[in-house]
Amino acid sequence: RKEVEQDPGPFNVPEGATVAFNCTYSNSASQSFFWYRQDCRKEPKLLMSVYSSGNEDGRFTAQLNRASQYISLLIRDSKLSDSATYLCVVTGGGADGLTFGKGTHLIIQP
Amino acid sequence: ETGVTQTPRHLVMGMTNKKSLKCEQHLGHNAMYWYKQSAKKPLELMFVYSLEERVENNSVPSRFSPECPNSSHLFLHLHTLQPEDSALYLCASSQGLAGGIKQETQYFGPGTRLLVL
């Protein structure tokens with residue numbers, strides 16, 4: 001059974017701090033990896049895709065570790081607006097391989 | 001802002017009712033999806049359509065019946081639901097079929113919050 005595991009949190013982090021969380025996946029044949037963001041009572045929206053070499057988008061950095069089967073998300077200089085649930089998405093093996101994690105709840109405190 | 005719309009946004013129905021959820025995407029995408037999101041559970045993929053053909057049915061009970069009349073519209077017909085079917089039902093679309101090696105971004109609608117009494 002394909003599974004994606006995330007620490008549900010909540011992570012309570014002061015504004016301006018750096019926060020990181022991981023997501024582990026069980027299917028070694030997984031091919032594509034994403035981080036989505038979901039605000040309270042809203043739909044998920046793509047935050048960033050995760051590439052093998054790692055990628056950065058402003059304050060956000062995503063890494064992939066295929067050997068240990070996890071992806072990570074690092075947020076630097078956190079803002080109040082970063083408070084949300086971050087969903088890990090792993091795909092592979094066709095449409096039935098679309099698997100979401102339960103999400104990590106992040107709260108940025110002033 | 002979103003190119004994917006869903007109606008209704010909220011729905012309360014009895015177990016003997018029949019209702020339909022509607023999704024429309026204005027992005028020119030070829031693939032559409034239905035997801036179920038329950039409290040404290042991950043998003044569950046229910047159905048996948050690519051170019052109006054169903055490509056995936058993840059062991060969803062027959063009381064949920066999808067319909068894709070064209071590449072822009074997706075319906076989820078509901079009948080004789082159970083209280084445990086109460087959840088947020090999200091529709092999504094993507095340019096190509098997600099799940100493979102290509103990084104296909106999915107765009108979600110706002111969802112229909114369903115309560116079954």
Side-chain angles (χ1 to χ4, degrees), chain A residues 1-10 23-55 57 62 64 66 71 84-105, chain B residues 1-6 9-10 23 25 27 29-51 53-60 66 87-113:
Chain A
R1 183 181 169 198
K2 307 179 184 73
E3 290 188 349
V4 174
E5 300 288 339
Q6 294 183 251
D7 183 341
C23 162
T24 59
Y25 59 95
S26 62
N27 182 8
S28 59
S30 297
Q31 297 171 316
S32 302
F33 308 88
F34 307 84
W35 284 105
Y36 277 74
R37 170 194 169 130
Q38 187 171 23
D39 293 293
C40 186
R41 305 188 75 81
K42 294 289 186 74
E43 71 273 20
K45 291 184 179 179
L46 178 70
L47 177 66
M48 58 198 302
S49 301
V50 186
Y51 299 107
S52 297
S53 55
N55 47 300
D57 183 2
L64 167 63
R66 284 192 184 272
I71 65 172
T85 296
Y86 290 84
L87 304 172
C88 172
V89 183
V90 176
T91 77
D96 67 334
L98 277 165
T99 308
F100 280 71
K102 290 183 182 180
T104 295
H105 188 198
Chain B
E1 179 183 273
T2 180
V4 182
T5 58
Q6 289 186 244
R9 293 294 306 276
H10 298 87
C23 175
Q25 57 97 359
L27 302 168
H29 288 169
N30 294 317
M32 297 186 76
Y33 313 79
W34 279 117
Y35 286 90
K36 175 184 178 182
Q37 188 173 35
S38 306
K40 301 194 185 302
K41 295 175 81 173
L43 265 77
E44 300 170 55
L45 182 62
M46 300 175 72
F47 301 104
V48 181
Y49 277 82
S50 176
L51 297 171
E53 296 291 325
R54 190 191 307 181
V55 297
E56 190 58 40
N57 174 356
N58 269 355
S59 302
V60 179
L88 179 67
Y89 289 84
L90 289 160
C91 173
S93 72
S94 60
Q95 180 60 51
L97 185 61
I101 196 167
K102 190 177 177 191
Q103 304 273 89
E104 289 286 354
T105 300
Q106 291 182 291
Y107 295 82
F108 286 84
T112 294
R113 197 162 293 278

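A note on names: the letters A, B, ... follow the listed sequences, proteins ahead of strands, and every chain is numbered from 1. Side chains are part of it too, since the values below use all heavy atoms of this structure and drop only hydrogens, waters and symmetry mates.
Contact annotation for A:Gln6: neither backbone nor side-chain heavy atoms come within less than 4.5 Å of a heavy atom of chain B. The contact between A:Phe33 and chain B is made entirely by backbone atoms, counting heavy-atom distances below 4.5 Å.
For the pair A:Asp39 and A:Arg41, the salt-bridge criterion is not met [side-chain N within less than 4.0 Å of a carboxylate O].
For the set B:Gln37, B:Lys40, B:Lys41, the entry with the most heavy-atom pairs within less than 4.5 Å of chain A is B:Gln37. Put simply, of A:Val89, A:Leu46, A:Leu87, the one with the most heavy-atom pairs under 4.5 Å next to chain B is A:Leu46.
Distance check, rounded to the nearest 0.5 Å: CG of B:Leu51 to CE of B:Met32 gives 12.5 Å.
Scanning both residues, B:Met46 and B:Val60, for their nearest heavy atoms gives O-CG2, 3.4 Å. The nearest pair of heavy atoms linking B:Leu43 to B:Phe108 is CD2-CE2, 3.8 Å.
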